[in-house]
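Heads up: the structure comes next, in structure tokens.
Below, all heavy atoms of this structure are taken into account, side chains as well, without hydrogens, waters or symmetry copies. The sequence lines fix the lettering, A, B, ..., with proteins before strands; numbering per chain opens at 1.
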There are 2 protein chains.
Amino acid sequence: MTDIRDRVRCRALHGKIVSAAEAAAAIKPGMNIGASGFTPAGYPKAVPLALAEQIKKENFKINLWTGASVGKELDGALAEAGGIQKRLPYQTNDALRKLINNGSIQYVDLHLSHVAQMSRYGYLGGKVDVAIVEACAITEEGHIVPTTSLGNSASFVQSADIVIVEVNTSQPLELEGMHDVYVPADPPRRQPIPIVKVDDRIGTPYIPAGPDKITYIVPCDLPDAVRPLAPIDDDARAMSAHLSEFFMNEIKHDRLPKNLLPLQSGVGSVANAVMAGMAESPYENLTVYTEVIQDGMLDLFDAGKLDFASGTSLTPSPDGLKRLYANIKEYRNKILLRPQEIANSPEMARRLGIIAMNTAIEIDIFGHVNSTHIMGTKMMNGIGGSGDFARNGYLSIFFTNSVAKGGAISSIVPMCSHVDHTEHDADIFISERGVADVRGLSPKERARVIIDKCAHPDYQPMLHDYLERAEKATGHAHTPHLLDEVLSWHIRFMQTGTMKAK
Amino acid sequence: MTDIRDRVRCRALHGKIVSAAEAAAAIKPGMNIGASGFTPAGYPKAVPLALAEQIKKENFKINLWTGASVGKELDGALAEAGGIQKRLPYQTNDALRKLINNGSIQYVDLHLSHVAQMSRYGYLGGKVDVAIVEACAITEEGHIVPTTSLGNSASFVQSADIVIVEVNTSQPLELEGMHDVYVPADPPRRQPIPIVKVDDRIGTPYIPAGPDKITYIVPCDLPDAVRPLAPIDDDARAMSAHLSEFFMNEIKHDRLPKNLLPLQSGVGSVANAVMAGMAESPYENLTVYTEVIQDGMLDLFDAGKLDFASGTSLTPSPDGLKRLYANIKEYRNKILLRPQEIANSPEMARRLGIIAMNTAIEIDIFGHVNSTHIMGTKMMNGIGGSGDFARNGYLSIFFTNSVAKGGAISSIVPMCSHVDHTEHDADIFISERGVADVRGLSPKERARVIIDKCAHPDYQPMLHDYLERAEKATGHAHTPHLLDEVLSWHIRFMQTGTMKAK
């Protein structure tokens with residue numbers, strides 16, 4: 001067992017240091033487990049692995065609530081052990097996804113800003129029974145210093161009967177001081193969130209706990225299972241260039257200040273590429289108010305373009321993680337991690353005027369967005385924080401490649417096979433082909449801009465043809481559709497392997 | 001011309017009193033007109049009627065922006081004159097609806113909380129050229145005292161080059177003091193909205209203007225064209241009873257305080273019936289934070305159940321209006337009208353913990369909601385404020401009758417033909433049959449609850465059959481659907497006049 005007594009600075013808690021298996025034994029069938037973690041960052045590892053072993057022996061299930069997706073030692077191990085009954089609010093794990101899509105696991109896909117308050121309100125099937133939180137240290141007073149993410153940890157600790165803290169010695173102690181922990185009171189006693197600038201501190205640098213609140217402390221030395229990002233390709237570079245040009249035009253027309261407004265960027269390779277591309281842009285003194293701080297933002301810091309980044313998770317690639325830890329004393333002055341309830345808060349998105357930048361699986365000609373489902377039925381990951389930001393930001397931008405699967409799928413379709421963001425929530429669509437600015441347009445006006453600016457030339461004639469026939473058949477109704485044809489592209493893909501007509 | 005000099009208390013402005021036709025002559029082709037009005041309450045009447053005459057003579061079009069729907073003297077007269085190019089953000093007028101659905105008018109259906117800031121940001125095709133605002137008086141300093149609604153008036157006045165004030169002598173002077181006008185600064189200078197209780201006052205009782213800002217003053221004595229509400233029927237009574245029982249259970253389980261939380265209620269007969277039904281409930285010391293104050297809320301005041309109501313519009317029925325005006329000195333201490341940017345603010349909905357209650361045209365088995373489109377193509381009214389409240393409230397409740405058109409249409413369908421609120425935004429569905437509580441449920445769990453609790457018995461077997469076949473065909477995917485059958489109920493209705501299978 002790694003010696004973690006140096007990191008448990010509250011001596012009264014040394015007696016609560018136990019093995020992962022001993023702590024996991026406190027978890028009983030049907031319990032609601034609230035874990036730290038947001039992307040493969042800051043999630044518990046030792047206790048979940050021990051829990052998976054226990055589940056394999058005793059054959060039972062628990063409900064798993066987290067910040068967002070987590071690493072393989074949590075989602076993967078528990079899914080493979082058959083130990084998850086219900087999972088929320090977001091995931092990206094292959095084993096778990098398979099079980100979600102074969103009816104074995106009940107998955108509840110929630111706006112990430114909603115989770116903490118829903119759990120406190122008692123909406124998710126009881127309250128949190130056990131909180132498992134990764135920490136880099138425990139303070140003299142018994143408070144918990146989180147690691148690379150904050151997620152819903154503070155709220156889960158507040159609500160839980162049993163609190164298990166995994167002190168992870170692979171996480172640098174320099175993370176201490178990078179967190180700003182604030183859990184709002186619940187209505188009718190809730191007050192305004194007192195943030196007016198991205199770097200405002202409003203809470204504590206630790207999760208309030210105290211020696212009585214903590215049940216077990218478990219040592220762990222497994223690092224975050226961060227993953228490499230896809231190399232930045234020509235399409236991503238084109239989208240980034242389109243974005244930069246769009247911003248330039250907004251500034252020219254006095255719709256944005258010269259240093260823009262706080263940027264939010266979704267998770268993944270396209271989002272990362274877009275942020276990285278900003279390093280070559282003319283913009284200075286940028287700020288970020290987002291969920292996840294990825295490599296692209298480190299690039300912006302290193303290029304001297306970015307003044308401050310507020311998020312709920314630090315999730316660089318393996319190379320980025322090395323870079324982060326090598327210069328953590330510099331980065332830590334410019335980065336703050338907040339609970340996702342605050343990072344993704346609609347109140348903050350609207351007040352700060354966040355520029356929301358998220359990726360879509362598919363969009364339709366009238367501006368609806370599918371962020372979650374493949375061919376309308378299979379869950380990919382989840383809506384994540386895209387809705388929190390897209391609905392409430394100053395600008396709501398969605399990125400998508402014009403085609404997928406080597407051109408067999410058009411990402412611009414007559415009607416989305418699942419809608420996560422409605423026509424009321426998107427301002428700008430960007431594909432590698434161009435920028436569709438649909439602000440202030442009616443559905444029929446939007447359709448022509450989206451087809452002409454974002455769709456692939458292989459599909460443009462088919463989309464125009466659909467629109468024209470739908471207009472004629474409906475007498476130019478507000479949203480012209482041919483209901484018997486509207487999902488035929490998806491059906492054709494499933495039957496023939498391509499959305500292209502013969 | 002009615003003598004309005006008593007009501008124009010700023011003597012310097014007496015010289016700007018002109019006829020409606022003289023003021024309307026300032027409006028040129030292609031201009032963006034920002035008008036007061038939210039429901040048939042507080043909208044300008046004389047100038048629009050004069051503008052319609054001018055348009056008939058000179059044959060041109062303008063773009064019309066309002067708070068929400070407005071009365072026939074504005075929407076009806078301009079639509080019938082063929083004078084509207086673009087209309088936003090909400091409407092309920094028959095003549096206008098017809099032109100929206102035949103391609104003659106471009107209609108932009110927006111979240112009502114978004115409109116004012118979008119117009120200030122310059123997202124709607126330029127800024128407001130002319131503001132036309134109904135007033136009951138002009139103060140000594142030249143500020144505008146609004147009438148029965150506030151809507152977007154303050155923001156429109158702030159942005160407009162030309163400001164026309166219609167002083168309406170049919171509106172009682174006792175309305176003065178019922179408004180709380182606050183226009184937030186735009187990012188990056190926006191501050192928290194400093195409201196923590198429904199009755200907090202944060203602004204001025206008038207729209208700031210001053211003698212230089214006002215271009216013309218026009219007298220008017222046409223009353224608001226308020227409309228009678230449908231009589232409360234058995235279905236509405238049943239929904240109201242279900243709601244009351246649901247609240248009781250929430251209180252029992254400590255998920256709601258005994259006086260509930262601030263209530264928001266949509267517009268129309270069902271919403272009104274639900275509120276009126278609360279007068280017979282055991283709940284006391286209720287509060288309301290909503291858009292529109294209808295008869296049902298006057299009933300609650302009269303029953304001593306309601307402490308305070310904050311809204312953006314006062315829209316009783318003709319009988320209710322008489323009741324309101326007869327007792328206005330009492331009601332005015334318990335009612336506040338705010339800009340819709342504040343009334344519908346996501347910041348406020350989430351902080352206050354609003355109970356959002358809205359009506360749906362149709363819902364699907366997985367919990368998506370269509371609030372706007374008939375059979376997926378024809379615009380009915382618009383999304384209004386339902387999204388502002390449903391996304392951000394403490395509880396998001398949608399009401400729908402289980403069937404429409406005498407049973408020929410099931411309001412619960414396999415897939416909505418248009419999605420305005422996604423599965424991520426609804427907690428509770430109530431039909432006359434019962435209450436479906438879908439909090440914390442996966443799509444497949446939700447489907448069974450919605451079918452069993454809310455669907456009409458005539459359609460329950462068909463819905464179960466669809467769900468089971470979809471589960472089998474997709475291997476129990478996260479959201480099981482048969483894409484080639486998913487909209488077949490709508491198609492069947494259009495072909496045969498009923499959704500029922502032969």
Side-chain angles (χ1 to χ4, degrees), chain A residues 100-103 106-111 121-125 187-188 190-192 194 196 253 255 257 261 346-347 350-353 368 373 376-379 383 387 391-392 394 417-420 422 424 427 439-442 444-445 474-481 483-484 486-487 490-491, chain B residues 100-103 106-111 121-125 187-188 190-192 194 196 253 255 257 261 346-347 350-353 368 373 376-379 383 387 391-392 394 417-420 422 424 427 439-442 444-445 474-481 483-484 486-487 490-491:
Chain A
I100 288 168
N101 285 312
N102 75 12
Q106 302 304 318
Y107 179 54
V108 190
D109 180 25
L110 300 170
H111 296 297
Y121 296 168
Y123 286 6
L124 301 174
R190 189 169 291 175
Q191 297 294 314
V196 295
H253 289 90
R255 288 189 294 257
L261 282 166
E347 176 174 341
R350 188 147 162 162
R351 181 183 309 146
L352 296 176
H368 300 82
H373 282 68
T377 61
K378 289 210 189 316
M379 171 54 63
I383 190 169
R391 169 72 63 86
N392 301 295
Y394 184 91
S417 60
H418 186 271
V419 174
D420 295 288
T422 72
H424 317 285
D427 297 317
R439 290 175 292 181
L441 300 187
S442 71
K444 290 183 288 259
E445 291 174 326
T474 62
H476 299 263
H478 182 62
T479 302
H481 262 311
L483 293 194
D484 55 356
V486 77
L487 293 172
H490 300 83
I491 295 167
Chain B
I100 288 169
N101 285 312
N102 75 11
Q106 302 304 318
Y107 179 54
V108 189
D109 180 24
L110 298 171
H111 295 297
Y121 296 169
Y123 286 6
L124 301 175
R190 189 170 290 176
Q191 297 293 315
V196 294
H253 289 91
R255 288 189 294 258
L261 284 166
E347 176 173 342
R350 188 146 163 163
R351 182 182 308 147
L352 296 175
H368 299 83
H373 282 68
T377 61
K378 288 212 188 320
M379 171 55 63
I383 189 168
R391 169 71 64 86
N392 301 295
Y394 184 91
S417 60
H418 186 270
V419 174
D420 295 288
T422 72
H424 317 284
D427 297 317
R439 290 175 292 180
L441 300 186
S442 71
K444 290 184 287 261
E445 292 175 325
T474 62
H476 299 263
H478 182 64
T479 304
H481 263 312
L483 294 194
D484 54 356
V486 77
L487 293 172
H490 300 83
I491 296 168

Would A/H373 and B/T479 count as having a side-chain donor-acceptor pair, cut-off 3.5 Å?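 Yes - a donor-acceptor pair under 3.5 Å links their side chains.
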Spacing of CD belonging to B/Q106 relative to CG belonging to A/L441, to within rounding of 0.5 Å: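 Rounded to the nearest 0.5 Å, the CD-CG separation comes out at 9.0 Å.
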Nearest 0.5 Å, what's the NE2-OG1 distance between B/H111 and A/T422?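 Nearest 0.5 Å value for the NE2-OG1 distance: 5.0 Å.
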Nearest heavy atoms of [X] and [Y], plus distance in Å:
X	Y	answer
B/R439	A/Y123	NH1-CE1, 3.0 Å
A/D420	B/H424	OD1-NE2, 2.8 Å
B/R351	A/R351	NH2-NH2, 4.2 Å
A/P187	B/Y394	CG-CD1, 4.1 Å

Can you tell whether the side chains of A/R350 and B/E347 come within less than 4.0 Å, N to carboxylate O?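 B/E347 and A/R350: not salt-bridged.
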Top contributor to chain B interface from [options] [non-hydrogen pairs under 4.5 Å]:
options	answer
A/H478, A/H476, A/H481	A/H478
A/L124, A/V108, A/L110	A/V108
A/N392, A/V486, A/L483	A/L483
A/G475, A/G103, A/P192, A/P188	A/P192

Against chain B, label [X] side chain, backbone, both or neither, depending on which of its atoms sit under 4.5 Å from a heavy atom there.
X	value
A/N102	both
A/I100	both
A/H418	side chain

B/L352 portion near chain A, given a 4.5 angstrom heavy-atom threshold: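 The backbone, not the side chain.
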Backbone N/O of A/P346 and side chain of B/R391: donor-acceptor pair under 3.5 Å: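 Answer holds: no.
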